[in-house]
Asks: 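Sharing a structure, written as C-alpha cells. Questions coming.
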Amino acid sequence: MENVQNVLMKEKAIEVLTKAASEEGITASAQQTENYNRIWARDGVVSGLAILTNELTELYEPFLNSLKKLQKAAALNGQIPSNISIDQAGTIQAVSFGGPVGRTDCNFWWMIGAISFLQKKQDGDFKAIVYEQSVKILQLANSWEFNHKGLMYLPVSGNWADEYVTGGYVLYDQILRYWALSLAGDFFAQADWTSQAGEIKLKLKQHFCFETPTTNSLFTEAQKLQVDHFDITQHFISSFSPTQLIQKYDCWSIALLLLLDIPSNFTKKKLIDVIQSTFETYGNKGIPAFWPPIEPGDELYTQLTSNYSYRFKNKPGHFHNGGIWPVTNGFLITALYCINEVETATMLQAALEKNLSNNEGEYLFSEYFTLEDGLAQGVYQLCFSASGFLLANKAKEDITQMKKVLGLTYDDQESNDQLSANLLATNIYNDIEFEKEKVVVISIAGESGCGKTTLSNTLKNLLESNGHNVLVLHQDDYFKLPPRKNHEQRLIDFNHIGTHEVELEKLDQDIYVVKNKLANSLQIPVMNWSSDTKEFKEISISTANVVLVDGTYTSLLKNVDIRIFMNANYEATRKNRIARNREAVTDFIERVLCKESDIIQQHQQMADIIIDEQFAIKYP
C-alpha cells in the first residue's frame, strides 16, 4: 500500500507533466522558461514513457503530438531535432538539432517513444509514418559506423551529457540504438533489424561488459593490452576512441544495460555490487550521473572546462560531473525492479524520494542534486525528473505493466521454453517405471542452448512434487579445469576440445555410488565461476531415488537408465544463446560449438528418448 508521502509526490509529478502539456505537445518543464518551453525529443519521450506506463490517458494526445511535430521537423536524412519551438497557433517557429554538434540520441529516443505509443494505442496512419522515419533513422545510424563494424562513432556533446567528455564509441548511444532496433524489428516484423540488434548486443558485451576477448574488437592494440585485464568492478568504459578510454561509470548506461538484459548474469551481479558500493561511498544520496567526478588537475578536466554553454556547470559533484539526476536514478531503479533486484531498487528509491522531499516547493523535480549535500540545482519542475520518479514508482507497483510498455520481451522466450519443458517433463515422467529401493538415473544430453538445464530443473521439480528425492549432477562441475582456465587452454590448443576435457569416469563413479547405495554422503566437485576455481562439497545421498545428470556428453555415461538427447544444434539455438546471456557468442566460440556438435551428434544413437527442435518426443 502506498504511503501518504509517496501518493503526494506522485500527484505532484503528474501535475508537472500536466502543466507542461498542451494540444501542441509536452514541453521540457512546467516552468516554461528559457529553452525549456520547447518540445524536446529526449525529454518528451522519457515523459511519454512515464505517461504510458502510468496510463495517464489524458496526456496520450499531447505525447503523440510531440512525436508528430518532431518528425515533421526532421532533417531530410532522417535526423530528429533535439528540440523545436511552437507558437500559439501550433506552427513550428524554430528547429534545433543541438549546440556545437547534433544530438545523436534523439533519433533513437523518438523511435522508442513512437513504437511504445503504437504498442499502447493503434494508429494506422501514424504507424506508416513511424516505419518510414525508422528506415531513415536506421540508415543514418548505419552511416555513423564509418568502418561498418557494428558500433557508431559519434561526436563529443552528441547526447544528453552534452557538456561532458564522452565521444567516439559512446556506450549510451549504442544501447539506445540497440533498443530502438529491437523494438522496431519486433513491431514491424523486420527480421534484418532484429538480427542487427543481436549483433550490436554482442559488440556491447565485448567492448563494454568485458565478457569476450578483445580479438577483432575496435580497440587499438595498446588498448587491448589494458582492456583484456579489466574487471567491471574496477573499470568501466563510458566511451572510447583510438586515443582515449573514458573510464567513468555512467548511471544511465548502466540502467539501460540492466533494463535491456544485455550483460550476462555474472556481469549483472558485478554491476549490482558497484551500485551498492557507490551508493554507500557517496553518502546514500543516490548514484551520480558519471563517477568518479573529474577533479581539477585530472587529465580530463581541461577538456571538461572547455565544453559548456552559457556558463560552466560541471564542477566536481555537479551537473554531469557527479551530480545526482532524478531521471537517471529513476531509470536505474526501474531496471533493478525489472531484474528482480528489489532490495537495491528499494534502497535507491528511498534515497530519490528523500532528495525530492528535501527540495520541495519551487525546487521540486530539479535537474539534479549536488553530490556533496544533495541540494537541488539547475532547472526545476522538469518533466523528465518527474518522469524518473513516476517510472521508478510504477516499476515497484506493477513490473508486468512496466515491461510490457517498454517492450522488454526478454522473458518471453524463457516462458515459452518453460511451457515446453513442463509438457516434456510430464510426458517423460509418465514413462518412467519406478521400483521400490531402486535408484533411477536419467541423463539429459545435447548441444549448448538446447534446453538441457531448463528440462532438468523442470523434471526435478515435477519428481519432487510427486514424492521423489532427486539428486542433480552437472557435467559442467566435472571439467578438469575451471571455466576460464579451460577456455584459455582451448585458445592455446584447439584439439583440447572434446570429451577428454571432462572427468567422465569420476562422474560415472559418483553415479555408481548413489545408484548402489554404497555411502550416505558423497563429495562432489563444484566450479566457482567467480574465482575460477574448482571446489568440493559433501552432499547427502542416502535418500535419493532419482539422479538427474545434465551435460553435453552425458549420453556416454555407463550407469544411466534413461538417456534423453535434445536434438537441436548450435546454429539453431544461436538466437536463444544470445538472448539468454548464458555464454559469449564469438567467432571462436562458434568454432568450438561446431567441433562439439560433430562429437555430440554421434551420441544420438545411444538415446532412449530424442527431443527434436520443436520439443516433440521421439523414440528410436
Asks: Would Lys313 pass as a cation-pi partner of Phe319, given that its NZ or CZ must be under 6.0 Å from the six-membered ring centre and within 45 degrees of the axis?
Replies: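 Positive - Lys313 is close enough to the ring of Phe319 and near enough to its axis.
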Asks: When you compare the side chains of Asn65 and Glu23, does any donor N or O come within less than 3.5 Å of an acceptor on the partner?
Replies: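 Their side chains do not contain a donor-acceptor pair, so the 3.5 Å distance test is not met.
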Asks: Whether the side chain of Ser85 engages the backbone of Arg38 through a donor-acceptor N/O pair (distance < 3.5 Å, no angle test) should be reported.
Replies: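 Here the side-chain-to-backbone pair does not exist.
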Asks: When you look at Val170 and Ser238, which way does the side chain to side chain contact (heavy atoms under 4.5 Å, CB included) test go after all the steps?
Replies: CA-CA 6 Å; Val170 184; Ser238 52; over 6 Å; no
Asks: Assess the pair Phe219 and His207: is the distance between their ring centroids shorter than 6.0 Å?
Replies: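 Ring centres of His207 and Phe219 closer than 6.0 Å.
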Asks: Would you say the ring centroid of Phe240 lies under 6.0 angstrom from that of Phe208?
Replies: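 Ring-ring flag for Phe240/Phe208: true, centres closer than 6.0 Å.
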Asks: Ring centroid separation for Trp109 and Trp252, is it under 6.0 angstrom?
Replies: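 Ring centroids of Trp109 and Trp252 are less than 6.0 Å from each other.
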Asks: Run the ring-centre check on Phe365 versus Tyr380 and record whether the distance is less than 6.0 Å.
Replies: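 No: the rings miss the under 6.0 Å criterion.
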Asks: Is the closest side-chain donor-acceptor distance between Thr104 and Asp173 under 3.5 Å?
Replies: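 Result is yes, a qualifying pair exists.
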Asks: Indicate yes or no: at least one non-hydrogen side-chain atom of Thr194 is less than 4.5 angstrom from one of Asp186.
Replies: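 Heavy-atom side-chain distance check passes, below 4.5 Å.
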Asks: For atom NZ of Lys404, decide whether the heavy atoms of other residues, nucleotides or ligands shown that lie under 6.0 angstrom number more than 12.
Replies: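 No.
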Asks: Ring of Phe187, cation from Lys127 - is the NZ or CZ under 6.0 Å from the centre and inside 45° of the axis?
Replies: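 Yes; both conditions hold, so Lys127 lies above the ring face of Phe187.
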Asks: I'd like to know if the side chain of Ser116 reaches the main chain of Ile112, judged simply by a donor and an acceptor atom lying under 3.5 Å from each other, with no hydrogens or angles considered.
Replies: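 It does hold such a pair.
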Asks: Would a distance-only check, ignoring hydrogens and angles, find a side-chain to backbone donor-acceptor pair under 3.5 Å from Asn54 to Ala50?
Replies: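 Looks like yes, one N/O pair under 3.5 Å.
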Asks: Would you name the heavy atoms of Asn107 and Trp144 that are closest together and state the gap between them?
Replies: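 That would be ND2-CH2, 3.4 Å.
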Asks: Distance only, no hydrogens: is a donor on one side chain within 3.5 Å (strictly under) of an acceptor on the other, for Asn307 and Ser157?
Replies: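 Per modelled atom types, Asn307 and Ser157 side chains form a pair under 3.5 Å.
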Asks: Which residues pass the side chain to side chain contact (heavy atoms under 4.5 Å, CB included) test with Glu11, not counting sequence neighbours?
Replies: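 With neighbours one apart ignored, the set is Val7, Leu8.
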